[in-house]
*Asks:* 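This structure is in structure tokens; I'll ask about it shortly.
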Amino acid sequence: MKILVAVKRVVDANFRVRVKSDGSGVELDNVKMSMNPFDEIAVEEAVRLKEKGIATEIVAVSIGPAKAEDTLRQALAMGADRAILVVHDGRAEPLGIAKTLAAIARAEAPDLLLLGKQAIDDDSNQTGQMLAALLGRGQATFASKIEIANGNATVAREVDGGQQTLELTLPAVVTVDLRLNTPRFASLPNIIKARAKPLTKTTPAEFGVDLAPRLTVLKVEEPPVRQAGVIVGSVTELVDKLRNQARVLP
Ligand code: AMP
């Protein structure tokens, strides 16, 4: 079974992003970049499926600047077998990414396509869904458990008020959620070995995909500054404030 995992290079989850002074986006100069955390979970799941003898090959794919090679090397160090970098500078939207991934999927014919449920920079939560639609394949989003047997994937997903279990015929697209697993840290020997693993560089044009954005970002703003809290002197004062100031109590 071949698995294709999509990994995006994003601003590190622990880095405090700053909005550009002209409000056109966030500062990306001198900012620590990392693999999108949900994509680390997707890579980890693929590696575990290979370790269980279910998967035979893991191909990691990223669409992004030349530096996204670092993100792919991390996937290789975690256990992916080879990588494809579609070099693209500038903003790209989920539809363009999904079209590129669909073109790669048609060429690679994976049995399972694993993506993060969302990229933490654009928070779109769209790429996996669009990819499944473009390929005409089944999809399960927000996976918290994946089991593969007899050409099917059984996927548990957390939904409002409980858990839903879906069965999909492979090939299928699955997007992963936080609870699926805890990604491993790549060991130093594996980081070194990853340097020698195959990484192919290509361009969106080679797949006939135009990644020019269709949406215009009008404005990016900092969230409103939170007001300072108050320490109340008694439960009576707390209840009074909740009732008469916050108006959250009847
Ligand atoms: P999004 O729909 O932008 O929230 O992204 C959802 C998932 O799509 C991510 O977690 C990745 O698995 C995949 N993805 C999005 N953008 C890219 C990209 N530029 N390169 C590779 N995978 C991507």
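Counting starts at 1 for both ligands and their atoms, following the listed order.
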*Asks:* Heavy-atom contacts with Val61 under 4.0 Å: which atoms of ligand 1 show up? List them by number with element.
*Replies:*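 Checking each atom against Val61, I get 21 (C).
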
*Asks:* Quick one: look up the protein heavy atom nearest atom 21 (C) of ligand 1 and list residue, atom name and how far away it is.
*Replies:*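 Atom 21 (C) of ligand 1 sits closest to the protein heavy atom Val7 O, 3.1 Å.
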
*Asks:* Heavy atoms only: which of Thr127, Thr141, Asn125 is nearest to atom 4 (O) of ligand 1?
*Replies:* Asn125

*Asks:* Around atom 10 (O) of ligand 1, find the nearest protein heavy atom and jot down its residue, atom name and distance.
*Replies:* Asp39 OD1, 2.5 Å

*Asks:* Report yes or no: does Asp12 contribute a side-chain atom to a donor-acceptor pair with the main-chain N or O of Ser34 at less than 3.5 Å?
*Replies:* no

*Asks:* Would one find more than 12 heavy atoms of other residues, nucleotides or ligands at under 6.0 Å from atom CG of Asp123?
*Replies:* yes

*Asks:* Can the positive tip of Lys32 be found less than 6.0 Å from the middle of the six-membered ring of Phe15, inside 45° of the ring normal?
*Replies:*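 Not flagged: Lys32 not positioned over aromatic ring of Phe15.
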
*Asks:* Taking Lys2 for the side chain and Ala109 for the main chain, is one N or O donor matched with an acceptor at less than 3.5 Å?
*Replies:* no

*Asks:* Could Glu57 and Arg82 be called an ion pair, given the rule that one side-chain N must be under 4.0 Å from one carboxylate O?
*Replies:* yes

*Asks:* For atom 16 (N) of ligand 1, what's the nearest protein heavy-atom neighbour? Residue, atom name and distance, please.
*Replies:* Lys8 CD, 3.3 Å

*Asks:* Using a 4.0 Å heavy-atom cut-off, which part of Leu115 comes near ligand 1: side chain, backbone, both, or neither?
*Replies:* both

*Asks:* Distance to 0.1 Å, residue and atom name: give those for the protein heavy atom nearest to atom 19 (N) of ligand 1.
*Replies:* Ile63 O, 2.7 Å

*Asks:* Are Thr200 and Leu85 close enough that some pair of their side-chain heavy atoms sits under 4.5 Å apart?
*Replies:* no

*Asks:* Under 4.0 angstrom from ligand 1, any heavy atom of Ser62?
*Replies:*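 It does; at least one heavy atom falls under 4.0 Å.
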
